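A quick note: this is a predicted structure, and the numbers were derived from the prediction, not measured. Convention: sequence-line order gives letters A, B, ...; per-chain numbering from 1.
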Amino acid sequence: MILKKYTVIVLQRLNNLCSHFLKTYIPQVPQDTSAYFIFKLYNIFKEEIKRHNMDSLFFNIEVPLSRILADMERTGVMVDRKSLRELSKEVDLNIDNISKDIFKIAGQEFNLNSPKQLRKVLFENLGLPPQKKTKTGYSTDEEVLRKLSFKYHVAKLILEYRQFSKLKYTYLIPFIQQADNSSSKIHASFNQTATKTGRLSSSSPNLQNIPIREDFAQRIRRVFVPSFDGGYILSSDYSQIELRVLAHFSGEDALLHAFRNGKDIHLYTASILFGIDIQKVTKKQRDAAKRVNFGIIYGMSSYGLAKELHISEDEARSFIEDYFARYPKIKKFIDSIIKEAKSKGYVKTITGRIRYLPDINSSNRDLREFSFRQAINTPIQGTAADIIKIAMVNIFREFNKEGLSSKLILQVHDELVFDVNKKELKKVVDIVKNNMENSINLVVPLVANLKIGKNWLELSPLTSNNEI
DNA sequence: CGTCTCACG
DNA sequence: ACGTACGTGAGACGT
């Protein structure tokens with residue numbers, strides 16, 4: 001069934017390519033001639049790939065990876081359907097109670113899922129003070145409701161309602177429906193050509209955005225379980241991979257020093273930024289430094305940082321100035337990336353993956369500055385994507401060589417998740433740790449943190465001292 | 001099908 | 001004066 005659906009899509013795309021590059025269509029004849037046309041296209045694209053110096057990226061990383069993604073899709077992820085149903089019941093009960101409370105305050109029933117109706121109830125009928133606008137009227141997004149919730153209980157209830165309904169419609173209902181009846185497995189798609197930076201994406205369902213931040217929502221993770229009797233879920237995530245990539249590209253001494261000596265990078269940044277000892281950095285200062293570090297990776301603006309830190313734009317501006325004064329090589333790196341993007345019209349990752357930025361010299365300031373931020377972010381995000389892809393290819397190869405039955409089941413950008421056969425745990429741990437930390441040589445070490453457990457929520461760190 | 005909202009890295 | 005943090009996918013609504 002599924003295969004049939006995709007065959008149609010693939011043939012249609014193949015025909016589009018034939019039309020564009022071969023100026024012909026695949027004839028509608030009884031024999032399948034598509035292999036012949038694929039070969040003709042291959043000869044054209046092979047040269048094009050070579051011309052762009054992407055042979056190695058394509059043949060050594062992306063092609064082997066496509067088989068791994070297919071394997072992950074086929075294997076699927078086991079879910080505990082009983083827990084899904086129980087969670088679903090609990091969520092329904094909460095939605096029911098909260099809805100009633102909201103309707104009582106509003107003095108009427110309305111569709112809580114409609115921003116339009118909600119906006120009317122909150123800002124017209126109940127007279128709450130609007131905080132910001134969208135294209136079509138007053139915004140009711142999370143930021144607005146959070147501000148209002150200090151004074152107005154109804155805003156807090158809406159926030160709670162939104163959380164539960166998100167869980168219900170985005171995760172619980174689709175998972176219950178999609179978990180295969182006999183095997184209890186969910187099979188997502190891992191898309192290799194969906195993003196502009198080289199990351200993967202996941203869809204139908206998206207398994208790269210399973211909740212983790214909110215307490216109640218976390219419980220969704222608990223339904224993801226091993227498929228082996230007495231088996232484990234093993235999760236391994238890269239520590240600060242994007243900041244390590246930034247350290248590599250910029251050569252910034254402070255970052256190099258921090259990563260080479262295993263320091264907490266946000267604490268370290270805070271101590272430099274505020275000019276104090278690491279021991280004296282407060283939680284708030286560390287958090288601010290963390291947001292600044294992220295800001296750098298995103299091509300930070302004073303406006304964006306001000307909003308993120310809840311400070312004035314002037315304060316944000318001086319924050320950024322301080323940052324660049326103390327991390328001069330990062331400033332240099334950013335300037336040189338933008339200069340290169342402007343002259344060449346594209347930026348590259350460490351493997352030579354290219355992203356074109358056609359608006360980098362636009363006379364429209366918004367478009368131009370958006371391209372600046374993409375020029376800064378893409379080599380960092382894309383290189384991190386390259387690194388984990390190489391690790392996946394090498395891990396898969398070694399699993400095959402060792403004849404392991406354990407499976408790679410998920411990739412979440414800086415994290416790999418494995419469905420582990422109990423008997424193979426030690427081997428799997430060694431292979432995963434080694435290949436993630438040695439997938440590529442940067443001027444700073446790569447660190448992978450491994451955790452195991454009986455589901456994707458309750459995981460314990462795995463250290464070298466652990467008995468396995 | 002665009003808009004709004006929100007889940008993740 | 002202006003006004004956006006980078007990259008995704010999905011569900012509901014309403015035109």
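- Here B:dA7 is the nucleotide among B:dA7, B:dT5, C:dG11 with the atom lying nearest to any side-chain atom of A:Glu142.
- Distance from the side chain of A:Asn111 is smallest to C:dC13 among C:dG9, B:dT5, C:dC13.
- With respect to the salt-bridge test (charged N to carboxylate O, under 4.0 angstrom), the residues A:Lys283 and A:Asp287 do not qualify.
- Side-chain N/O atoms of A:Ser184 and A:Arg81 include a donor and acceptor closer than 3.5 Å.
- Nucleotide C:dG7 holds its P atom 12 Å from the CD atom of A:Glu242, rounded to whole Å.
- In this structure, A:Gly299 reaches neither bases nor backbone, as no heavy-atom distance under 4.0 Å exists between it and the strands shown.
- Checking C:dC6, B:dT5, C:dT8 against every side-chain atom of A:Ser201, the shortest atom distance belongs to C:dT8.
- For A:Thr134, whose side chain is taken as the heavy atoms from C-beta onward, the closest listed nucleotide among C:dC6, B:dC4, C:dG9 is B:dC4.
- Between the side chains of A:Arg162 and A:Thr140, at least one donor-acceptor pair of N or O atoms lies under 3.5 Å.
- Side-chain atoms of A:Glu415 and A:Ser235 include a donor-acceptor pair closer than 3.5 Å.
- Here A:Thr195 does not reach the OP1 or OP2 of C:dG7: none of its side-chain N or O atoms lies under 4.0 Å away.
- A:Tyr171 comes within 4.0 angstrom of the backbone, heavy atoms only, and of no base.
- In this structure, A:Arg373 does not reach the C:dA5 phosphate: none of its side-chain N or O atoms is under 4.0 Å from OP1 or OP2.
- The 5' end of DNA chain C is approached more closely, in terms of each residue's nearest nucleotide, by A:Lys196 than by the other of A:Pro174 and A:Lys196.
- An OP1 or OP2 oxygen of C:dG3 is reached within less than 4.0 angstrom by no side-chain nitrogen or oxygen of A:Arg365.
- Atom CG of A:Asn364 is surrounded by more than 12 heavy atoms from other residues, nucleotides or ligands within 6.0 Å.
- At the heavy-atom level, A:Ser202 lies under 4.0 Å from the strands shown only through sugar-phosphate atoms.
- Residue-level contact check: A:Ile380 touches neither bases nor backbone, having no heavy atom under 4.0 Å from any strand.
- Checked by distance alone, A:Arg213 brings no side-chain donor or acceptor within 3.5 Å of a matching partner on the base of B:dC8.
- A donor-acceptor contact under 3.5 angstrom links the side chains of A:Asn293 and A:Tyr323, judged on distance only.
- Counting non-hydrogen atoms under 4.0 angstrom, A:Arg162 reaches the backbone sugars and phosphates but no base.
- In this entry the distance linking CD of A:Glu415 with C1' of B:dG9 reads 10 Å, nearest Å.
- For the residue pair A:Ser227/A:Asp419, the side-chain donor-acceptor check at 3.5 Å is satisfied.
- Among the heavy atoms of the strands lying under 4.0 Å from A:Tyr169 are primed sugar atoms or P, OP1, OP2 only; no base atom is included.
- Contact annotation: side chain of A:Asn113 to base of C:dA12, donor-acceptor pair absent below 3.5 Å.
- Base pairing of C:dA5: no nucleotide in any strand meets the Watson-Crick or G-U wobble criterion (both distances under 3.5 Å).
- Taking atom CD1 of A:Ile376 as the reference point, atom P of C:dA5 lies 15 Å away to the nearest angstrom.
- Rounded to whole Å, atom P of C:dC2 lies 18 Å from atom CZ of A:Arg368.
- Between A:Ser114 and C:dG14, a side-chain N or O to OP1/OP2 separation shorter than 4.0 Å is present.
- Taking the side chain of A:Ser203 as heavy atoms from C-beta on, and the options C:dA10, C:dG7, B:dC4, the nearest nucleotide is C:dA10.
- Rounded to an integer number of Å, the gap from CZ of A:Phe110 to P of C:dA12 is 17 Å.
- Residue-level contact check: A:Ser301 touches the bases, meaning some heavy atom is under 4.0 Å from a base atom.
- A:Arg291 comes within 4.0 angstrom of a nucleotide base, judged by non-hydrogen atoms across all strands.
- The nearest whole Å value for the distance from the CD1 atom in A:Ile212 to the P atom in B:dC6 is 20 Å.
- Distance A:Glu143 CD to C:dA5 C1': 13 Å, rounded to the nearest Å.
- The A:Glu313 side chain lies nearest to C:dG3 when the options are C:dG3, C:dC2, C:dC6.
- Counting to the nearest Å, the P atom of C:dG3 and the NZ atom of A:Lys133 are 13 Å from each other.
- Nucleotides B:dA7 and C:dC2 are separated by 32 Å at their P atoms, to the nearest Å.
- With a 3.5 Å ceiling on both atom-pair distances, the Watson-Crick or G-U wobble partner of C:dG14 is B:dC1.
- A:Asn209 comes within 4.0 angstrom of a base, heavy atoms only.
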Show the numbers, then the answer: is there a side chain to side chain contact (heavy atoms under 4.5 Å, CB included) between A:Glu62 and A:Leu57? CA-CA 6 Å; A:Glu62 298 297 348; A:Leu57 168 60; 4.1 Å; yes
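- Within the 4.0 angstrom heavy-atom criterion, only backbone atoms of the sugar-phosphate kind lie near A:Ala194; the bases stay farther away.
- At least one side-chain nitrogen or oxygen of A:Gln117 sits closer than 4.0 Å to the OP1 or OP2 atom of C:dG14.
- Residue A:Gln208 places no side-chain N or O under 4.0 Å from the OP1 or OP2 atom of B:dA7.
- Scanning atom types as modelled, no donor and acceptor separated by under 3.5 angstrom connect the side chain of A:Lys116 and the base of C:dC13.
- C:dA5 and B:dC6 are spaced 15 Å apart, taking the P atom of each and rounding to whole Å.
- The side chain of A:Thr136 has B:dC4 as its nearest neighbour among B:dC4, B:dG9, B:dC6.
- At the phosphate of C:dG9, neither OP1 nor OP2 sits under 4.0 Å from any side-chain N or O atom of A:Ser204.
- Look at A:Asp71 and A:Arg74 and you find a salt bridge, because one of the NZ, NE, NH1 or NH2 atoms lies within 4.0 Å of a carboxylate O, short of that distance.
- Within the nucleic acid shown, A:Ser165 has no heavy atom closer than 4.0 Å to any nucleic acid atom.
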